[in-house]
Amino acid sequence: MLEWTMAQLVKHPDAMSKVYKELNEIVGQNDIVEESHLPNLTYLEAVIKETFRIHPALPLLVPRCPSKTCELGGYTIPKGTIVYLNAYALHTDPQLWEDPLEFKPDRFLSVEGNNFQFLPFGSGRRVCPGQPLAVNTLKYVLATLLHSFDWKLPAGTELELEDKFGIVIKKMNPLVLVPTPRLSSLELY
Ligand code: HEM
């Protein structure tokens with residue numbers, strides 16, 4: 001997820017500038033990122049959610065298997081059926097999202113509460129118990145990498161966002177970026 005988020009930010013310089021502006025305001029270039037800053041990094045959180053929307057790590061979640069025959073959305077699902085829930089299809093459904101294939105983190109600045117069109121960690125009894133740990137770790141590492149360095153593609157290379165098929169969807173080719181220090185003093189590193 002770290003790689004996808006960095007790739008999307010490099011591809012969308014407007015979003016990258018907004019992240020830097022927020023980090024300058026909340027953390028400042030004379031300080032390092034601390035856990036206490038994380039709740040105030042709302043734009044970075046929107047960037048992370050938008051990345052989870054377009055690149056859900058487990059696009060088919062974990063299969064379900066009803067213990068009793070049940071009715072859902074007008075369909076009968078017999079007991080024992082293996083049911084896959086396609087989170088990627090939900091995340092990119094044009095009836096649920098405006099410009100679903102475009103990377104627009106601002107859309108998450110106004111979404112609140114539970115919302116079943118966005119399920120990167122699943123839902124219900126089998127929801128991912130690691131969600132708070134995963135999101136906070138991702139936010140902390142991203143905030144630190146971005147706050148400490150400017151990131152650019154190596155000269156002469158181009159960004160691509162091709163993915164590799166699997167249970168967990170990863171980038172086909174590793175992302176290679178060049179960091180340049182941006183903090184006020186080398187002692188902060
Ligand atoms: C970016 C990081 C992560 C993503 C995107 C992710 C996503 C998911 C998803 C989609 C499911 C299936 C939920 C469902 O079908 O409703 C799941 C299940 C699970 N996840 Fe995560 N997860 C992440 C990190 C973690 C971490 C850090 C832990 C543990 C520390 C963890 C532990 C688990 C466990 C134990 C389950 C199975 C829950 C069950 O079946 O009852 N995950 N995760």
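Atoms considered below: every heavy atom in the structure, side chains included; atoms not considered: hydrogens, waters and symmetry mates. Order of appearance sets the numbers: ligands from 1, and atoms from 1 within every ligand. All figures in this text were calculated on a predicted structure; none of them were measured in a lab.
Among Leu119, Leu58, Leu2, the residue whose heavy atom lies closest to atom 9 (C) of ligand 1 is Leu58. Of the listed residues (Ile48, Val135, Thr51, Val62), the one carrying the non-hydrogen atom nearest atom 12 (C) of ligand 1 is Val62.
Shortest contact from atom 22 (N) of ligand 1 to any protein heavy atom: Cys128 SG, 3.0 Å. For atom 10 (C) of ligand 1, the closest non-hydrogen atom on the protein side is Pro120 O, 3.3 Å. Nearest protein heavy-atom neighbour of atom 3 (C) of ligand 1: Phe121 CE2, 3.4 Å. The nearest heavy-atom contact from the protein to atom 30 (C) of ligand 1 is Leu133 CD2, 3.8 Å. Of all protein heavy atoms, the one lying nearest to atom 34 (C) of ligand 1 is Pro129 CD, 3.4 Å. The nearest protein atom to atom 28 (C) of ligand 1, hydrogens excluded, is given as Gly130 CA, 3.5 Å; this is a heavy-atom distance. Among protein heavy atoms, the minimum distance from atom 13 (C) of ligand 1 is reached at Arg126 O, 3.2 Å. The protein heavy-atom contact nearest to atom 24 (C) of ligand 1 is Ala134 CB, 3.9 Å.
Shown are Gln8, His91, Lys170, Lys171; of these, the side chain to side chain donor-acceptor pair (under 3.5 Å) with His55 is made only by Gln8. Of the residues Val135, Asn136, Val141, Leu142, the one that meets the side-chain contact (heavy atoms from CB on, under 4.5 Å) test with Leu138 is Leu142.
Of the possible donor and acceptor atoms, one in the side chain of Glu160 sits under 3.5 Å from a partner among the backbone N and O of Glu162. Between the Thr81 side chain and the Val83 main chain, no donor and acceptor come within less than 3.5 Å of each other. Panel note: side chain Tyr189, backbone Ser148; a donor-acceptor pair is recorded below 3.5 Å.
Comment: Lys18 does not engage Glu22 in a salt bridge, judged by the lack of any side-chain N to carboxylate O separation of less than 4.0 angstrom.
For the pair Lys11/Leu153, no side-chain contact is recorded, criterion being any heavy-atom separation below 4.5 Å from C-beta on.
Each of the following atoms of ligand 1 lies closer than 4.0 Å to a heavy atom of Ala57: 5 (C). Less than 4.0 angstrom separates some heavy atom of Leu61 from each of these atoms of ligand 1: 10 (C), 15 (O). If you number the atoms of ligand 1 from 1 as listed, the ones under 4.0 Å from a heavy atom of Ser123 come out as 16 (O). Those atoms of ligand 1 that come under 4.0 Å of a heavy atom in Gly122, given as number and element, are 10 (C), 13 (C), 14 (C), 16 (O). Against a heavy-atom cut-off of under 4.0 Å, Arg64 is close to the following atoms of ligand 1: 14 (C), 15 (O), 16 (O).
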Determine, stepwise, if the pair Asp150 / Tyr20 fulfils side chain to side chain contact (heavy atoms under 4.5 Å, CB included).
CA-CA 9 Å; Asp150 280 313; Tyr20 279 128; 3.6 Å; yes

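Judged as a salt bridge (Lys or Arg N to Asp or Glu O under 4.0 Å), the pairs with a partner in residues 51-77 (not counting sequence neighbours) are, in order, Glu50-Arg53.
Ring pair Trp97/Phe108 is tilted by interplanar angle, where 30° to 60° counts as tilted.
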